[in-house]
Protein chains: 2
Amino acid sequence: MMDTPNLNRKTTSRRVTMEDVGRLAGVSQVTVSRALSDPDKVSPKTLKKITDAIDATGFVPNAIAGALASKKSKLISALVPSITNIVYSAAVASFSSVMREHGYQVLLSETGFDPKDEEAMILTHLSRRPDAVLLTGIHHTAKARQMLLASDIPVVEIWDTTETPIDICVGFSHDRAAVKAAEYAFENGFTCAATLSAGDERALRRRAAFESRFAELAGAAVENAVHCERASLANGRDGLRALQAQSMEKGTFVFCSSDVLAHGMLIEASAQGLKVPTDIAIMGFGDQEFAAHTEPALTTVRVDRTTLGRSAAMALLSRFDSAEPIASVNDIGFEIVARHSA
Amino acid sequence: MMDTPNLNRKTTSRRVTMEDVGRLAGVSQVTVSRALSDPDKVSPKTLKKITDAIDATGFVPNAIAGALASKKSKLISALVPSITNIVYSAAVASFSSVMREHGYQVLLSETGFDPKDEEAMILTHLSRRPDAVLLTGIHHTAKARQMLLASDIPVVEIWDTTETPIDICVGFSHDRAAVKAAEYAFENGFTCAATLSAGDERALRRRAAFESRFAELAGAAVENAVHCERASLANGRDGLRALQAQSMEKGTFVFCSSDVLAHGMLIEASAQGLKVPTDIAIMGFGDQEFAAHTEPALTTVRVDRTTLGRSAAMALLSRFDSAEPIASVNDIGFEIVARHSA
DNA sequence: CTGTTAGCGCGTTCAT
DNA sequence: ATGAACGCGCTAACAG
């Protein structure tokens, strides 16, 4: 029934400007600008006239013009591999929340897991003249680093640590986390281990660190390893079957690169009538909400995504109001959560 | 070891402009602008000189200045209740992906579930002069609607349908979905039903529609209903206990407002040794990935989030290049997925 | 094919 | 406490 809900479209009326507001209030454009940015610098009487004029006209400040004039966009660009992955979205959510409280908006984009795509997006983002950039991980193309450096704005790299960040990094050591996992396995009597990993760089790095540390402790290489494109329950189930096809020993400890993969494997194990953790032990990574509720409850590595996002925001904010050096590498740590699956 | 990775900070060097590029290439600033926006209008020779100059200087276009001059920001603002909820982030991801292919970037913000907060954010977003706005749901404050209308840009409301959208809407009927769920329950022989619902407006609307239709069919009101703040496994588990505290009959059909709540209830039922669906039948909403993998597999209502996002993007795009009326209400439908939990 | 001239709507400086 | 003038870096006409 299309009752033309958009009547007032098509009118050629220019958007209202500070000039218009000022005219109505009987003051100049600058005074309107002041009234908005620094009300104390305007007399109470004119302030009132101005706010009235704003209400009357429905004035909405033009942040684009403001940004061009002030060279401050109040925009932070954030690049994450995937926004549907709770692991990244939770960190971005807390980051955004803190930044917003300080008057910044976050322009978020998905990069996928390819540094080349990330590079292209960095260029697009930089053209919006963000006041800072947040990146995921510490691996970027040379050109990306160069553009970022040349842009001369703060950059935070999250989810990892390095001694040589572009500017600031906040995250944790994936190596150490995986090493701890290997030690956990060995200390709990496992003599045989396997890995199931997603294809992204950090997951692969954890896998490698786990395998190398476990081999060191057990005195034998980790023979069984499978990796898949992305973390999903289906890939977790398939992962177990793929491992079994490699003739994995009974009682093997499987280190998965994420809770979702581990959960999928748990489901497949249950479907096969396998006992966890005796027939097979399964460890996840991330400690997502469901991890405590699987059957059996999932042993995993906890990473505090909220803290991660908040720390990144705070690092940026402190950099904004002091050119002084702040901590450029921030380690938020991790924690092994021993439950019943491994 | 801090090898000062940020050497070229602090230099007072102005960012390079089209003017600079032009000077180096021996042409005027406009020609540089043309070379970038419409290479065909520039001779091959000067084009080459310009691209060389761009490489040499590391020029990054200033989209802010471009937007101010052209009155096109190539920015779409998107407001969703929560970005960590896969239900919203998946829709936004596909929306963003399509928009990006067409040269638009998406400025995403979380509104929570309060229309008042949404209103404030709409104002902030409009100040960036987006070329369009995407909103979640069809309930907004009067002032929000008015600002949107006055802004004179396309608006898409997603996740619901209405005969009177602000501009365009794409979603499905929550009423009809819940009615179908009630009919499914009744047709499968259930004579007693209950609901567990999160607190958001659409969830409550589904709950109401389910209860009213089921009561109509069964000839008796739905006695047991619980609702909670947000969807989480813990709230799903608590929800079952709360329902039991209301002395719910054995063999009751519970309609949950989301798969996550349903999953939590499934877990609690299992922990209590209840048989599903005989002791208690549980139905979810959303058909998230895990729904097919719970024990027993979750009966639910499927909503195609990817299609939702893509349709919203396409509706906008078609509106951009034709002021002509397009379909302003788009229904993407839903589907009852009968599995084993109900 | 290329350049000139005008803004876009603000913030910034400097007066008053 | 307020205003005038200028410029941010670019696109949009219009010339030539």
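In the text below, chain A, chain B and the rest are named by the order of the sequence lines, each starting its count at 1. Owing to the predicted nature of the structure, the values given are computational and were not obtained by experimental measurement.
- We find that A:Asp152 and B:Arg15 are not joined by a salt bridge, their nearest charged nitrogen and carboxylate oxygen being 4.0 Å or further apart.
- If you check every strand for non-hydrogen atoms under 4.0 Å, A:Glu19 touches nothing.
- Look at A:Asp20 and A:Arg14 and you find a salt bridge, because one of the NZ, NE, NH1 or NH2 atoms lies within 4.0 Å of a carboxylate O, short of that distance.
- If you take CG of B:Asn62 and C1' of D:dC8, they are 8 Å apart, rounded to a whole angstrom.
- Within 6.0 Å of NZ on A:Lys74 lie more than 12 heavy atoms contributed by other residues, nucleotides or ligands.
- B:Lys71 comes within 4.0 angstrom of the backbone, heavy atoms only, and of no base.
- In this structure, NZ of A:Lys41 is placed 18 Å from P of C:dT16, rounded to the nearest angstrom.
- Between A:Ser37 and the phosphate of C:dG11, there is no side-chain N or O to OP1/OP2 separation shorter than 4.0 Å.
- Donor-acceptor pairing under 3.5 Å is lacking for the side chains of A:Ser97 and A:Ser94.
- For the pair B:Asp38 CG and D:dA12 P, the interatomic distance rounds to 11 Å; values are reported in whole Å.
- Each of B:Ala65 and A:Val30 was assigned the nucleotide of DNA chain D with the nearest heavy atom; the assignment lying further toward the 5' end belongs to A:Val30.
- In this model, a side-chain donor or acceptor of B:Arg34 finds a partner on the base of C:dG3 within 3.5 Å.
- Phosphate proximity of D:dG3 to A:Ser28: present, with a side-chain N or O under 4.0 Å from OP1 or OP2.
- Contacts of B:Thr46 with the nucleic acid, taken as non-hydrogen atoms under 4.0 Å apart, involve only primed sugar atoms and P, OP1 or OP2.
- Regarding B:Arg14, its CZ atom lies at a distance of 11 Å from the C1' atom of D:dC8, rounded to whole Å.
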